[in-house]
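Everything below concerns the one structure shown next.
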Amino acid sequence: MKRILIGCILAALSHTIATPRPADAQDLQQKLAAAKQAAAENQQALRAYSWLEKTEILLKGELKTTKVDSCRYGPDGKVQKTPVVEPPPPEKKRGLKGKIVAKKVGEMKEELEAAVALVHQYLPPSPDLMQVVMNAGTASIAQAGPGLAALKFPGYVKKGDALTLTFDSTVKALRQIDVTTWLDEPENAVNFKITMEALPDGTSHPAMVVLSIPKRQLDVKITKSNYQKLAQ
């Protein structure tokens, strides 16, 4: 399924860069439709699994909180999380200093929640949005290391952002997703990297997600592991 998805994207990109004739445009639409179907099939396959998700929050490189959730998809298609390890409640400081600390914590929490919501605009990658970028003629492909190639889609969701898919050009397996974007203003950057891995049945899943807000020196590291097939 991963090979179908990446192969379709590559084919679509090559046709677009070459300024396709009407017949090629029709072929492009067919390939994008196949890519959408492959993505949907992969997402459906993931619903047959449960997994553990560890979330670590770091401020200025120092680990502040860690939590672990048991995750699985619910009947509505949304991920359901059951806490396994909860972080201890923060120690409350009194007086003026306590109020200042509480205000800063509240601001960072709001910004972090906004950044997490922003992530969902990029994941999973949308063939429709990739099509818009390709139509604009700004998509590109480049070597990203030995045996690796990267497809870059600038202006994927908003002006100044970029979605980059890195894959193994030998086996056509998606290896990594990188996004550079921003929150309320371009100076308030948000970067995240998703490292992909394959389950024994070939289903692709994000094994590691790292989100950074440089302005706040705030990082979130999410590790997904222990995938188990659910009983039928």
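For this chain, numbers begin at 1 and follow the sequence in order.
I213 places a side-chain heavy atom less than 4.5 Å from the side chain of N188. The shortest side-chain heavy-atom distance between K67 and P83 does not fall under the 4.5 Å cut-off. Residues M130 and L165 form a side-chain contact, since some pair of their non-hydrogen atoms from C-beta on lies under 4.5 Å apart. Contact annotation: the side chain of T181 never approaches that of V157 to less than 4.5 Å [non-hydrogen atoms, C-beta and beyond]. Contact of the S212 side chain with the V190 side chain is not registered, since no non-hydrogen atoms from C-beta on lie closer than 4.5 Å. In this structure, the side chains of E62 and L59 stay at 4.5 Å or more apart for every pair of heavy atoms.
The line from CD1 of I222 to CZ of F192 is 10.5 Å long, rounded to the nearest 0.5 Å. Note that the CG atom of L230 and the CZ atom of R47 stand 12.5 Å from one another [nearest 0.5 Å]. Here the CD-CZ distance, from E197 to R175, works out to 9.5 Å after rounding to the nearest 0.5 Å. The CD1 atom of I177 lies 11.5 Å from the CG atom of L151; values are rounded to the nearest 0.5 Å. One distance of note links CZ of R72 with CD of E53; it measures 15.0 Å at 0.5 Å rounding. A distance of 9.0 Å separates CD1 in I57 from CG in L63, rounded to the nearest 0.5 Å.
A continuous path of ILVMFWY side-chain contacts below 4.5 Å connects L183 to V220, so both sit in one hydrophobic cluster. Under the 4.5 Å side-chain contact rule for hydrophobic residues, W182 and L218 do not share a cluster. Under the 4.5 Å side-chain heavy-atom criterion for Ile, Leu, Val, Met, Phe, Trp and Tyr, L163 and M196 are members of the same hydrophobic cluster. In terms of hydrophobic clustering, with Ile, Leu, Val, Met, Phe, Trp and Tyr side chains grouped at heavy-atom distances under 4.5 Å, L118 and F153 are assigned to a common cluster.
When every heavy atom of I194 is checked against every heavy atom of P206, the shortest pair comes out as CG2-CB, 3.4 Å. Here the closest non-hydrogen pair linking S70 and L52 is CA-CD2, 4.0 Å. Considering all non-hydrogen atoms of both residues, A139 and P154 come closest at CA-CD, 4.4 Å. Smallest separation of non-hydrogen atoms from A162 and K152: CB-CE, 3.8 Å. Contact detail for C71 and V79: the closest heavy-atom pair is CB-CG1, 3.9 Å. Closest of all the heavy-atom pairs between Y122 and K158 is OH-CG, 4.2 Å.
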Worksheet item: Would Y73 and L46 count as a side chain to side chain contact (heavy atoms under 4.5 Å, CB included) if you check the C-alpha gap in whole Å, the side-chain angles of each, and the deciding distance to 0.1 Å?
Response: CA-CA 8 Å; Y73 282 94; L46 277 176; 4.1 Å; yes

Item to complete: Please lay out, stage by stage, how S126 and D128 fare under the test side-chain hydrogen bond (donor to acceptor under 3.5 Å, both in side chains).
Response: CA-CA 5 Å; S126 166; D128 290 337; 4.5 Å; no

Discussion item. Before you tell me yes or no, could you show the steps for D201 and K229 under side chain to side chain contact (heavy atoms under 4.5 Å, CB included), namely the whole-Å CA-CA distance, both residues' side-chain angles and the distance that decides it to 0.1 Å?
Written reply: CA-CA 10 Å; D201 64 358; K229 200 104 177 186; 3.4 Å; yes

Item to complete: Walk me through it: do T180 and N191 pass the test side-chain hydrogen bond (donor to acceptor under 3.5 Å, both in side chains)?
Response: CA-CA 5 Å; T180 55; N191 306 313; 5.3 Å; no

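Heavy-atom contacts from other residues, nucleotides or ligands closer than 6.0 Å to NZ of K193 number 12 or fewer.
Proximity of a side-chain donor or acceptor of D161 to a complementary backbone N or O of Y156 within less than 3.5 Å is detected.
With H205 as the partner, the ring pair (Phe, Tyr, Trp, His ring centres under 6.0 Å) test is satisfied by one option alone out of W51, Y49, Y227: Y227.
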